[in-house]
Amino acid sequence: MLQSKLFPKTKKEAPKGAESVNHKLLVRAGYIDQLMAGSWTLLPLGWRVVTKINQIIREEMNATGAQEILMPLMHPKEIWQETGRWDSAKEIMYQLKDSRKKDLGLGFTHEEIVLDLIRKHIRSYQDLPLALYHFSTKFRNEARARSGILRGREFMMKDLYSMHATEEDFWKYYEKVKKAYSRVFQRLGFNFKIVEAAGGVFTDNNTHEFQVISEGGEDTIYICDNCDWAQNREIFEGKVDDKCPKCGIGKIKEEKSIEVGNIFPFGTYYSERMKVYFTDEKGGLKPMWFGSYGIGSTRAMGAWVEVSHDDKGIIWSKAISPYEAHLLELNNEKTEKRKNFTESVYKKLENVGIEILWDDRDVSAGEKFADADLIGIPIRLVVSDKTSDRLEWKLRKENKSEVISVEEAINRLKT
Ligand code: ATP
Ligand code: MG
């Protein structure tokens, strides 16, 4: 991609009133744009990042045997009334009437909608288990929509739903998803904790939150400094510096964190209310075991920026960077030869499938360096009079650079 064509241009100043790091940096670097409180356009760079996050999630969901679908976002009132959530979730759900006076809700989650789908199509234990997921915009009338893209009133979520004939089969899959989520967050490069949280009205069991430890987080969690024990504020009953109830060795610490994922064992709560029954091997009618599992992919992008930046800008990991390398030509004095060389480097990299952002703009070297640091692509390649027919190779997270051949750069980028 030619940077001169990239929409929009970077900004020197953070937007007025922006408090959080992700808000300031993602707006300045041209990843997101705010329409109104809690509502964001994902610009070309931002959409590339979220697309990469989604692809990692998709691969890990598919690996659990789940199948991808796409569900509607506008829902009829009647289905939400079956579980009582039309009323109990009024504060969070946008509810409206269309011109025919029909009551509609905008999807803030999809348990009821997926269960309606299931009861139309599944009758027998032989059709179970089944796991379906989709990526879609969720609408939530959040009271506070601060924290940049971490808390939107519209945001992107992957939600997965699983249906099972037996409790045992359900828990097996729940653990499988827990592992799949761990792999997702490992691949994204996060330092995260699996945190026990309250089950709410649906279940006596705890749910599990995936929390990224970050100063910029809105959540507070308690973790053991020795083992993997972690609880959220709602259910934590001890105090800081207590001995860990699990390993008995570590001490309990308090951390700020960002919830990036959550998994819920609902048991038969929803299926009983919505009459989602199947016939078992003996011909008896039974409610399905049901779980739901969410990851906020736009929040994950914001969370990454919160934990990986410096005073100059964002620092992406290879896994989710919008481009693999940022090519800068320093053209204080324009020469045809150097321009041709840069173009040949760009083409060679493109030809071997490396995603590259080429800063071909007619601006000073200082501006190019500052923008490269702000945008945060992990590898910077510089062509200048000093490098001759070679390239300067520099990692965003390090200060030192070295001059290497084009072939060497390609080899390094391919591995
Ligand atoms: P929170 O406690 O932060 O409001 P939640 O418990 O309401 O989150 P879930 O309903 O479990 O969230 O949604 C699943 C995932 O969707 C969350 O783990 C988070 O990553 C993301 N998410 C939830 N609300 C928002 C939001 N307003 N903006 C962006 N992402 C969100
Ligand atoms: Mg919420």
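Just so you know, ligand 1 is whichever comes first in the structure, and atom 1 is the first atom listed for that ligand.
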Under the 3.5 angstrom rule, does the side chain of Arg299 hit a backbone N or O of Glu259 as a donor-acceptor pair? yes
Of all residues at least two apart in sequence or in a different chain, which pass the ring-ring contact (aromatic ring centres under 6.0 Å, His included) check with Trp47? none
Does Glu142, backbone or side chain, put an N or O under 3.5 Å from an N or O of ligand 1? yes
Note: Leu150, heavy atoms under 4.0 Å from ligand 1, region reported as backbone
Checking side-chain polar atoms at under 3.5 Å, does Glu111 have a donor or acceptor matched by the opposite partner on Thr109? yes
Tyr31/Trp316 aromatic ring centres below 6.0 Å: yes
Return yes or no for this condition: an N or O of Val260 is under 3.5 Å from an N or O of ligand 1. yes
Do Gly296 and ligand 1 have an N or O pair less than 3.5 Å apart? yes
With nothing but distance in play, are any N or O atoms of Glu259 less than 3.5 Å from an N or O of ligand 1? yes
Determine, using ring centers only, whether Phe108 and Trp80 are less than 6.0 Å apart. yes
Could you list which atoms of ligand 1 come closer than 4.0 Å to a heavy atom of Gly261? 18 (O)
Are any of the N or O atoms of Phe155 closer than 3.5 Å to those of ligand 1? no
Among Arg140, Gln211, Met157, Arg144, whose heavy atom sits nearest atom 12 (O) of ligand 1? Arg140
Does either side chain, that of Asn62 or that of Tyr133, offer a donor lying less than 3.5 Å from an acceptor on the other one? yes
Using a 4.0 Å heavy-atom threshold (strictly under), name the region of Phe264 that reaches ligand 1: side chain, backbone, both or neither. side chain
Compute the shortest N/O to N/O distance between Gly152 and ligand 1 and return yes if it is under 3.5 Å, no if not. yes
Checking side-chain polar atoms at under 3.5 Å, does Thr220 have a donor or acceptor matched by the opposite partner on Lys256? yes
